[in-house]
J.: 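Dumping the structure here so I can ask a few things about it.
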Amino acid sequence: MIIRREHRVLVQGITGKQGTFWTEAMQAYGTRIVGGVNPKKAGSEHLGVPVHASAREAAKSAPFDVSVMFIPPMAAKAAAIDACEAGAKMVVCLTEHIPAHDVMEMHAAARANGTRIVGPNTAGLVTPGEAFVGIMPAFNERVFRPGRIGVISRSGSLGTLVALNLTQEGEGQSVFYGVGGDPMIGTTSREALEMLDADPRTEAVVLCGEIGGSAEEEAAEYARTMDKPVVAFIAGRASPPGRKMGHAGAIVSGGSGGYDAKRRALEAAGVEVADLPSQIPQMIATRLAQDARQVAFT
Amino acid sequence: MNFEEHAAKPLLARAGIAVPPARLATSPEEAEAAAREIGASVVKAQVPTGKRGKAGGIRLAADPAEARAHAGAILGMEIGGHVVERVLVEAQVPIARELYAAVLNDPGSRGPMLLFSTLGGMDVEEAAERDPHAMRRHEISIIDGLQRADAEAIAAAAGEEIAGRIADALMALYQAYRELDAELVEINPLVVTQDGRVVALDCKLVVDDAAGPRQPGLLEQGTPDRLTGLEARAQAAGLKYIELGGSVGILANGAGLTMTTMDAVSHLGGEPANFLEVGGEAYTKAQTALEILLDNPNIRSLVVNFCGAFARTDVMADGVVKAWKALDPAIPVFFTIHGTGEDEAVALVRRELGFEPFDRMDDAVAAAVQAARNAA
């Protein structure tokens with residue numbers, strides 16, 4: 001699911017400092033915020049929208065499509081399950097350091113209710129010029145511009161850099177899809193790739209991976225079947241094995257999750273892998289130009 | 001958090017899995033005293049790594065004198081980069097069969113997974129590679145838990161007469177996994193004794209650090225990563241800092257961008273001095289972060305790379321400016337700043353420090369690599 005202007009968004013934890021800061025930013029950008037949640041402030045109004053006791057309560061008076069969570073780690077499980085049971089189509093979970101057993105319970109609730117969870121530990125989703133949910137600098141026009149390139153990233157900061165590099169070279173973005181830096185995420189890089197493959201506005205995709213896990217190998221299997229060009233960058237080539245590099249999911253252990261295997265899998269699937277993010281725009285331009293020539297000849 | 005055998009086994013026992021009587025010793029004399037109580041024993045090195053047996057860190061002792069001699073040989077050994085400071089003196093068990101059992105977080109199914117094999121022991125990984133069917137994998141619903149009927153069906157692979165008792169152990173193993181917020185709890189070998197008991201002879205436990213707040217006192221029983229002085233200081237300040245030995249210091253926000261900056265330093269011919277990120281909730285700690293980073297004597301230049309999303313670059317730049325003014329370091333610094341709060345951050349760095357941030361990361365990194373080379 002790609003975030004659109006018509007999607008109705010609920011903000012869980014809307015009254016906190018970060019919830020307030022980012023809700024204001026989302027509203028200013030054009031995201032349709034229809035309500036918030038804080039059980040202690042139910043019945044009041046914040047940033048011009050009603051505050052509810054729970055997502056389930058919110059759903060009764062003001063239906064929503066997407067919930068975005070500004071909720072601390074120990075309370076995240078209850079909030080996510082609440083949003084799933086309230087009928088959210090998508091729950092965007094920004095929280096980092098949620099206990100893994102809680103994360104598994106969240107995913108079980110999502111499965112039972114047909115909800116898509118994005119994250120945990122995602123920076124959110126941006127559809128430039130249209131709407132964003134989460135904590136990305138969508139509003140900074142030097143970073144994000146409407147365009148034709150889809151960007152998928154485990155990391156918000158790296159995703160920001162890649163969007164910036166594209167914009168600096170005159171390429172805008174159709175979608176930024178932050179899948180999250182946790183080891184057990186609700187929407188994988190492969191699933192995000194499938195969505196961008198189906199998105200008519202996206203002409204090429206940049207996959208920003210990192211060491212740890214097997215998300216890039218799985219995405220490579222799907223990329224092999226795609227007509228749209230895919231270019232990748234994998235962070236962590238210079239990282240030592242056996243250490244968690246900030247993200248809980250970014251660790252090379254026991255010979256798995258390493259840089260070389262990921263790069264080989266992607267290249268074998270026809271995905272060009274950049275050594276530096278700054279090389280990505282040129283790689284994309286070359287691939288799109290090749291495709292255009294092939295179309296012209298056939 | 002990794003738990004060594006001596007810390008993990010009492011937790012297994014609490015969940016209802018039999019473990020042999022054992023005592024921890026830090027000297028040959030203590031090992032001898034322990035063996036006098038326990039009888040025929042196994043002296044086992046306690047280090048947070050595998051392959052202890054192959055390294056000679058596990059030895060049988062028939063009597064207390066032998067336990068003393070073995071402890072003397074094992075204490076001070078280096079296994080997998082760890083110096084052995086403690087041994088576990090454990091009662092010998094008459095082994096009939098060696099099995100393998102584990103429960104872990106499975107990213108593929110986003111839920112718990114039970115692993116079970118009748119080919120337990122030192123070479124379980126090799127055995128599983130040779131014969132994929134040797135390792136049974138069972139996905140567990142985190143909501144319903146491990147079902148008794150499933151545990152029995154899995155345990156049946158070890159033979160009907162013992163399946164019930166093994167199923168008991170598997171149920172207890174899952175219970176321990178849940179109660180301890182474990183990422184992994186692995187018993188290898190899980191043995192069947194000659195008199196038909198099911199006993200855990202070793203245990204590897206990894207507990208989720210994120211669950212610390214609801215597991216009071218638990219993480220303290222584990223063996224923390226060995227940290228350098230600066231790494232420990234960073235950890236105490238709530239920052240993730242890893243020393244890497246190079247000369248180009250890196251301060252960036254977010255794990256992905258920080259790794260990418262390290263990669264860029266390396267690709268452009270330099271050697272990163274550290275991983276240090278001030279992203280997420282830590283973005284207000286830029287000042288402390290920079291103080292720690294600059295205390296690394298190997299640093300010859302510094303690149304500050306901010307691509308702020310949640311982490312506001314104006315707040316981070318303010319921390320850097322304050323630390324820079326307070327410490328007045330003698331090394332050159334190269335900034336590149338984009339994202340949330342970028343205009344304020346760039347203006348601040350210009351005004352307060354007189355530095356002009358680079359528009360492109362590659363240019364900032366290349367300049368830092370060159371400066372480090374010139375200073376060498």
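Here is the naming used below: chain letters follow the sequence lines, and residue numbers restart at 1 for every chain.
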J.: Please flag which part of Ser266(B) lies under 4.5 Å from any non-hydrogen atom of chain A: side chain, backbone, both or neither.
T.: side chain
J.: Measure the shortest side-chain to side-chain distance between Met104(A) and Ile140(B) over non-hydrogen atoms and say whether it is less than 4.5 angstrom.
T.: no
J.: So which part of Phe144(A) gets closer than 4.5 Å to some heavy atom of chain B, the side chain, the backbone, both or neither?
T.: neither
J.: Please examine the side chains of Tyr259(A) and Asp263(B), heavy atoms only from C-beta on, and report whether any two atoms are closer than 4.5 Å.
T.: no
J.: Looking at every heavy atom in both Pro107(B) and Pro183(A), which two are closest together, and how far apart are they?
T.: CB-O, 3.6 Å
J.: Is it the case that over 12 heavy atoms from other parts of the model lie below 6.0 angstrom from the CD atom of Gln235(B)?
T.: no
J.: If I compare all heavy atoms of Pro137(A) with all of Thr340(B), which pair ends up nearest, and what's the gap?
T.: CB-OG1, 3.4 Å
J.: Given side chains that start at C-beta, do those of Ile143(B) and Arg111(A) come closer than 4.5 Å, heavy atoms only?
T.: no
J.: Hey, which residues of residues 163-171 of chain A are touching chain B, say heavy atoms under 4.5 Å apart?
T.: Leu164(A), Gln168(A), Glu169(A)
J.: CD of Glu210(A) to CG of Leu257(B): how many Å apart, nearest 0.5 Å?
T.: 11.5 Å
J.: So, the side chain of Arg110(B) versus the backbone of Ile185(A): is there a donor-acceptor pair under 3.5 Å, distance only?
T.: yes
J.: Please rank Leu94(A), Val103(A), Val162(A), Asp102(A) by heavy-atom pairs under 4.5 Å with chain B and give me the top one.
T.: Asp102(A)
J.: How about Pro277(A) and Met361(B): do any of their side-chain heavy atoms sit closer than 4.5 Å?
T.: yes
J.: Which answer fits Met74(A), side chain, backbone, both or neither, if we ask what part of it has an atom under 4.5 Å from a heavy atom of chain B?
T.: side chain
J.: Using non-hydrogen atoms only, which part of Ser109(B) is less than 4.5 Å away from chain A: side chain, backbone, both, or neither?
T.: backbone
J.: Considering non-hydrogen atoms only, spot the tightest contact between Ala235(A) and Gly256(B) and give its length.
T.: CB-O, 3.9 Å
J.: Does a sphere of radius 6.0 Å around CD in Glu271(B) hold more than 12 heavy atoms from other residues, nucleotides or ligands, not counting ones at 6.0 Å or beyond?
T.: no
J.: In this structure, are over 12 heavy atoms from other groups packed under 6.0 Å from Arg214(B) atom CZ?
T.: yes
J.: Can you say whether Phe306(B) sits under 4.5 Å from chain A via the side chain, the backbone, both, or neither, judging by heavy atoms?
T.: neither
J.: Would you mind checking which part of Ser157(A) comes under 4.5 Å of any heavy atom in chain B, side chain (CB onward), backbone (N, CA, C, O), both or neither?
T.: both
J.: Would the number of heavy atoms belonging to other residues, nucleotides or ligands and lying under 6.0 Å from CD of Glu356(B) be above 12?
T.: yes
J.: Where does Leu276(A) contact chain B at under 4.5 Å (heavy atoms): side chain, backbone, both or neither?
T.: side chain
J.: In the structure I gave you, are the side-chain heavy atoms of Asp343(B) and Arg142(A) within less than 4.5 Å of one another anywhere?
T.: yes
J.: Is Ser214(A) close to chain B through its backbone or its side chain, or both, or neither, when contacts mean heavy atoms under 4.5 Å?
T.: neither
J.: Measuring from atom NE2 of His338(B) to atom OG1 of Thr160(A), what distance do you get when rounded to the nearest 0.5 angstrom?
T.: 11.0 Å
J.: Might you point out which heavy atoms bring Asn140(A) and Gly339(B) nearest each other, and give the distance in Å?
T.: ND2-O, 3.2 Å
J.: Contact between Asn105(B) and His101(A) at the side-chain level, heavy atoms closer than 4.5 Å - yes or no?
T.: yes
J.: Among the options Asp275(A), Val143(A), Ile98(A), pick out the one with the most heavy-atom pairs lying under 4.5 Å from chain B.
T.: Asp275(A)
J.: Between His267(B), Glu183(B), Lys240(B), who has the most heavy-atom pairs with chain A when the cutoff is under 4.5 Å?
T.: His267(B)
J.: Side chain, backbone, both or neither: which part of Asp181(B) has a non-hydrogen atom closer than 4.5 Å to chain A?
T.: both
J.: If you look at every heavy atom in Ile142(B) and Ala108(A), which pair is closest and at what distance?
T.: CG2-CB, 4.0 Å
